[in-house]
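Take a look at the structure set out below.
Just so it is clear, the values below take in all heavy atoms, side chains as well, and ignore hydrogens, waters and symmetry mates. A quick note: this is a predicted structure, and the numbers were derived from the prediction, not measured.
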Amino acid sequence: MDKPDSQDDHKMNDSQKTPEKKQPLTTCLFSAAFFGALGSSFLYGYNLSVVNAPATGCIPTLPPETAGDEHQCFHNPYIKDFYNKTWMERYGEPISPETSTLLWSVTVSIFAIGGLLGTLSVSLIIKVAGRKGTLLLNNCFAVTATLLLSLGEMSRSFEMLIIGRIVMGVNSGISLSVLPMYLGEISPKHIRGSIGQFNSILICLGVFTGQVLGLPELLGQESRWNYLFSFLAFPAVLQLCVLPFLPESPRYLLMEKKDEAGAERAFQKFLGKTDVSQELEEVHAEARAQDNVNTVSVLQLLRSPAVRWQLITIIVTMACYQLCGLNAIWYYTNGILREAGFAEHLLPYFTLSTGGTETLAAIFSGLVIERIGRRPLLIFGFSSMAVFFSLLTIFLNFQDRVSWMPYLSYSCILAVIAGFCSGPGGIPFILTGELFEQSYRPAAFMIAGTVNWLSNFAVGLLFPFIQEKLQSFAFLVFVVVCILGSIYLCVVLPETKNKTFMDISQSFAKINKMPALSPGQEMELVLSMKPENEKAPDVKKTESSS
């Protein structure tokens with residue numbers, strides 16, 4: 001009984017996909033993805049690199065047998081030296097090692113607190129300003145942080161750097177929630193994954209740019225380090241110049257602002273075609289399929305049985321994104337290079353390979369995501385990280401016995417980075433937008449962002465202790481996380497490529513123990529329009545035909 005319906009449904013879907021796939025990527029859609037990510041994701045990656053870049057850091061050598069402040073000196077040495085000089089000028093005595101470590105720890109960790117604050121504010125801001133408007137308003141935080149971070153040295157105030165870091169964290173928390181939401185809503189389903197990967201690609205490009213500008217020949221000098229922060233304003237200004245001329249999310253306009261004419265114009269610009277009736281009808285169908293078209297709160301989302309496993313999946317995926325151990329890799333990179341016999345002044349240039357590997361792997365993922373799919377890339381990424389973390393643990397324990405072993409260790413580090421960026425580095429943000437329909441999406445991104453930043457903070461807080469206790473065996477903790485994440489995704493996550501948001505929601509209906517709509521019922525849902533809603537499309541059609 002059901003088989004013919006499913007076959008007809010597949011045929012109908014195939015016939016609908018064919019014209020979509022022939023549509024080229026429009027300049028408008030590319031500009032929205034690139035400049036949206038440039039003023040958002042790029043800033044996040046660049047900020048991580050500028051303050052925490054191994055190129056200017058002080059990473060402990062391997063194996064980490066010495067205790068004390070050496071494990072905490074993952075930092076830009078010029079900034080910490082500025083803290084010491086400022087303390088001496090104010091109080092007439094050298095800063096104690098405990099106070100110095102505390103100030104630097106606050107400077108580094110306060111970024112995650114700012115990110116959490118930004119994430120928690122997204123739902124309120126986005127309701128007032130929309131997706132594009134929130135991205136534009138978010139540049140105010142970027143410019144403010146740039147001024148605080150750039151002028152801190154001139155003002156002899158390390159407090160300005162700390163405040164600048166928390167403001168930049170707020171900017172990152174907002175952008176990492178709003179940008180994936182915006183990109184997912186403006187993209188046609190057959191390239192939604194590729195467009196969504198702009199978020200990951202620009203994060204990696206930001207990290208790499210920070211590493212390059214931090215080289216000694218450029219801005220990585222004591223007299224120029226504050227100019228590294230001045231560069232933060234450049235991407236923000238570029239976004240402010242371009243994004244106002246691009247459309248708002250058509251789904252936001254239609255479902256939340258009830259602006260069908262505006263949504264139609266936005267679809268036409270993004271898709272590069274005049275007839276967007278199919279896209280409008282798809283959004284209408286999604287709106288009628290939801291119990292509540294109005295945006296739900298976080299508490300309502302947590303209580304809703306219809307999205308229970310989508311929510312669990314996002315929480316697990318986002319937690320694994322941070323707890324899989326990539327951040328811990330940076331603690332070992334320079335130490336492994338030193339053990340391999342490379343001169344100290346060459347380390348910044350070899351470290352560029354990590355940023356380059358990140359960027360290339362993210363670009364590769366963006367090119368193949370629509371062919372391979374989200375699920376295989378995620379499972380492959382976490383599984384490969386587990387394999388290379390295991391190998392890295394073995395190689396680190398033979399580091400002192402075999403002269404060429406550090407080269408294998410460094411190869412494992414590059415392989416872990418490539419595995420991460422090929423899937424786990426960007427797809428969790430894409431999935432957060434895909435697994436939830438319009439009314440749930442802002443609350444879902446708030447929960448996902450909260451998990452992301454709390455996990456980030458937990459890694460920064462706990463890893464030094466794990467490293468001290470387990471030493472080179474610390475990576476086995478991440479092996480367990482990666483394996484468990486892969487198993488969960490393999491069992492629970494359905495493939496989402498080339499599916500509408502309503503199709504994806506129906507994929508979870510069985511596991512959520514909710515009644516799934518048959519193709520016939522979906523068509524009835526599309527056609528069962530209220531009289532007042534029916535008039536607007538008819539008027540549109542007569543106007544367009546005339």
Side-chain angles (χ1 to χ4, degrees), residues 47-61 64-115 117 144-170 210 213-214 216 219-232 327-328 330-335 338 344-345 347-348 351 456-468:
N47 190 70
L48 290 177
S49 181
V50 164
V51 178
N52 296 332
T56 56
C58 176
I59 316 299
T61 57
E65 296 169 349
T66 56
D69 187 53
E70 205 173 355
H71 286 265
Q72 302 291 334
C73 66
F74 183 57
H75 64 273
N76 186 315
Y78 302 131
I79 299 177
K80 198 167 185 180
D81 186 52
F82 161 67
Y83 282 16
N84 297 341
K85 288 181 179 178
T86 304
W87 189 276
M88 176 68 80
E89 291 174 3
R90 287 186 187 179
Y91 305 108
E93 60 181 20
I95 189 171
S96 67
E98 294 79 9
T99 305
S100 177
T101 300
L102 176 64
L103 278 177
W104 181 252
S105 298
V106 169
T107 305
V108 173
S109 60
I110 203 79
F111 180 74
I113 302 300
L117 293 175
T144 301
T146 301
L147 292 173
L148 288 168
L149 293 167
S150 302
L151 301 178
E153 184 191 27
M154 185 185 302
S155 305
R156 314 306 294 172
S157 170
F158 51 76
E159 293 88 352
M160 288 178 66
L161 266 66
I162 294 173
I163 296 171
R165 283 280 290 171
I166 195 170
V167 173
M168 198 66 223
V170 172
L213 293 181
L219 302 179
Q221 300 180 19
E222 188 173 6
S223 60
R224 301 178 186 174
W225 65 264
N226 56 322
Y227 294 117
L228 283 168
F229 294 119
S230 302
F231 182 81
L232 287 167
N327 292 339
W330 304 120
Y331 284 86
Y332 277 86
T333 303
N334 276 20
R338 288 191 186 97
E344 192 72 26
H345 68 279
L347 297 187
T351 308
N456 179 296
F457 185 76
V459 170
L461 186 68
L462 298 177
F463 181 72
F465 298 101
I466 295 173
Q467 183 192 31
E468 185 177 349

Once rounded to the nearest 0.5 Å, what's the spacing between atom CD1 of I110 and atom CD1 of I166? 4.0 Å

Side chain to side chain contact (heavy atoms under 4.5 Å, CB included) involving V167 - partner list, sequence neighbours excluded: F141, T144, A145, L148, I163

Shortest non-hydrogen separation from W87 to T99 and the atoms involved: CH2-CG2, 3.8 Å

Residues forming a side chain to side chain donor-acceptor pair (under 3.5 Å) with S150, sequence neighbours excluded: S230

Under the side chain to side chain donor-acceptor pair (under 3.5 Å) test, which residues partner S155, sequence neighbours left out? none

Aromatic ring pairing Y83/F158, orientation class (parallel under 30°, perpendicular over 60°, tilted between): tilted

Looking at side-chain heavy atoms only, is the closest gap between I162 and L103 below 4.5 Å? yes

Once rounded to the nearest 0.5 Å, what's the spacing between atom CZ of F229 and atom CG of N47? 7.0 Å

Looking only at non-hydrogen atoms, find the nearest pair between R156 and R90 and report the distance. O-NH2, 3.4 Å

How close do L149 and L161 get, counting heavy atoms only, and between which atoms? CD2-O, 3.4 Å

Is a donor on one side and an acceptor on the other found under 3.5 Å between the side chain of R165 and the backbone of T107? yes

Looking only at non-hydrogen atoms, find the nearest pair between N456 and A112 and report the distance. OD1-CB, 3.9 Å

